[in-house]
Structure formats: structure tokens, C-alpha cells
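A quick write-up on the structure given underneath.
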Amino acid sequence: MPELPEVETTVRGLDPVLRGQRIARVQLHRPDLRRPFPDDLGQRLTGATVTALGRRAKYGLIDTDRGDTMVFHLGMSGRWRVDPSELLPHDHLVLETGAGRRLALNDPRRFGSVDLWPSAGLSTYPPFAVLGPEPLGPDLTADHLAAALKGRSASIKQMLLDQRIVAGLGNIYVCEALYEARISPKRAAGTVTRSRLQRLVEAIHLVLTAAIEAGGSTLRDFARPDGELGYFSKQFQVYGREGESCGCGGIVRRYVEGGRSTFWCPKCQR
DNA sequence: CCGACAACCTGACGGC
DNA sequence: TGCCGTCAGGTTGTCG
């Protein structure tokens, strides 16, 4: 389930396989995911050496010595499989390094994307141009949220899913962060008090950091790039727990807004 | 500008 | 066993 912690975990898993390595071969098994691959993707990657890996919001970044960055998004169901013994359905793109390691980008639903963009101008990559601050960076502050949410009648849940407000939170971690901050997901964003926004910033930090430390959560089809399982140590407090009891004595409830499930405790989240 | 909603896809699961 | 409806981590475009 690629939200920010899962992408971060993925990038950390890819780093030792790719960094400093030459890309010897690129196989494309279809021309597109959600968008077409760049026409010259294989040509521009083949023979290039990976100089660094990184992450912006839910996007993974693979820099090469040719001045290109391969920008990938895992969508809903994407993951990288490291050194697969055999290729499986939905292994749409395969990289092979000079050292003989193989990486397969598997994405059944194909909501992901792969692009190439000049490394020096990544801020002009169209999907990045509209992104808000990194949730774990210095720019996510109560000040920023107060300004961005001022006067907004949409729910705080909806606003936190908006990548222009904060870049990298998805449905699960928004639910978890709002629970951690004890803020009702239904509250109009513009009415969340300043002290509660501060608490929210801290909750976002806590929830994301814990998830990254746990190696990213595993939900159904997500696996760490090396395929290792069993690192799902960070339990969700509310997500997927409808009907279970909250520590406060309340019951975790679920409702649907904007087509997405929200899990929360109506007793202690206000 | 804002908010609601559909669309893009496949797979897993529960009910009958 | 098998069919069908429902739901899933995200993003983007359209419509009112």
C-alpha cells in the first residue's frame, strides 16, 4: 500500500541494489501504466549509472549520471520485486544491473507511473509543481496548515488527502494521524484550532516515523522490495478496525466520504 | 474557487 | 464449485 512510508521503505530497499550500478538492460512489457512511458525510456536508461535514490511525497526518484531522474509512482498496487526467480503477470518493467541484479516493477491495477525528467529541474515535473510540503520536512508547520485551511469548509480528512496541502499522506495515515491527534475527521478544516493543528503536525510526524521504522506497513499485496515479510509491527489504531473498542471506551466507526472509508473513534476524536 | 463524483484497472473476499 | 457484487493504498478530470 504505497503511501509515503511504503515508498520510503521501497527506496531504501532499492538503494543498495541500484546505487553506483550501471543499468545494463531495460525490458518494457507494455507501453504504459496510467500514462504512457516516455518513448525513449529504455534508450535513456540503458547504460546509465544510478547515482542516487530519493523520494518526493509518494514518488520514488532514481537519479542517473546522464542527468535524468526516473520518477516512479506505485499507485494503489505497485511494488518493486527484487531478484525475482521468475517474472510474473504485471511485471511491466524490468531493470537489470551490470552486477546481474534484477528489479521488476509489478503493478496489477496500473495506477502507477514511470517518467524521466531532468534531475536539475525536478521542481518543474508537472506532478511536483503542485505538491505541498513534505510532511516530515521543516515546512509542515501549524502556520502552514492554518494558512492553507483558513476558511475551508471541507472536512479536515479531505484536506489532508489533498497533496497540495501536505504531500504524501494517504487514506490510512490520515485516519491514523487524526486519531493520534484526537481530531474528528468530519470537522470543517477551517475550524480546527491552532493548538490542535500543532498537535496534528506532531501526530503526522509520529505516525509516519513509526511506520517507516516498522519498514512500511503491509496490507494485502504490498511487500518490501526484497520480498521480506513479517515486518508489520506498527499496528493501526483505527484503520480497518471498525467495531473494535478504542482505548477510551468508545467503538471505532467507519463512514464513507468522497468514496473513501474513514475510520475513527467518535468518542475521543472531536 | 470549491466540493462532489466518476474514471482509470485488477484481484481478493464474502455471500449465495 | 462458481458466479456476482463490493471493496481496496491514488490521482486526475469534469461538472455543477
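This is a predicted model, so every value here is computed, not measured. Labels below follow one simple rule: chain letters A, B, ... track the order of the sequence lines, proteins then strands, and each chain is numbered from 1. In what follows, every heavy atom counts, from backbone to side chain, and hydrogens, waters and symmetry copies are set aside.
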Spacing between [X] atom [atom1] and [N] atom [atom2], to the nearest angstrom:
{"X": "A/Leu4", "N": "C/dG10", "atom1": "CG", "atom2": "P", "value": "11 Å"}
{"X": "A/Leu33", "N": "C/dG10", "atom1": "CG", "atom2": "P", "value": "17 Å"}
{"X": "A/Arg152", "N": "B/dC1", "atom1": "CZ", "atom2": "P", "value": "11 Å"}
{"X": "A/Met76", "N": "B/dG11", "atom1": "CE", "atom2": "C1'", "value": "12 Å"}

Between B/dG3, C/dT12, C/dG10, which nucleotide gets closest to the side-chain atoms of A/Asn171? C/dG10

For B/dT10 and A/Arg110 - does any side-chain N or O of the residue sit under 4.0 Å from the phosphate oxygens OP1/OP2? yes

What about A/Arg260, does its side chain sit under 3.5 Å from the base of C/dA8 through a donor-acceptor pair? no

Would you say the side chain of A/Arg109 and the base of B/dC9 hold a donor-acceptor pair, judged only by whether the two atoms sit under 3.5 Å apart? yes

So A/Ser113, base contact, sugar-phosphate only, or nothing? Heavy-atom distance under 4.0 Å. nothing

Which residue lies toward the 5' end of DNA chain B, A/Phe111 or A/His90, if each is placed at its nearest nucleotide? A/Phe111

Between C/dC7 and B/dC5, how far is it from one P atom to the other, in whole Å? 15 Å

Within residues 155-170 of chain A, those residues having any heavy atom closer than 4.0 Å to DNA chain C are A/Gln163, A/Gly170

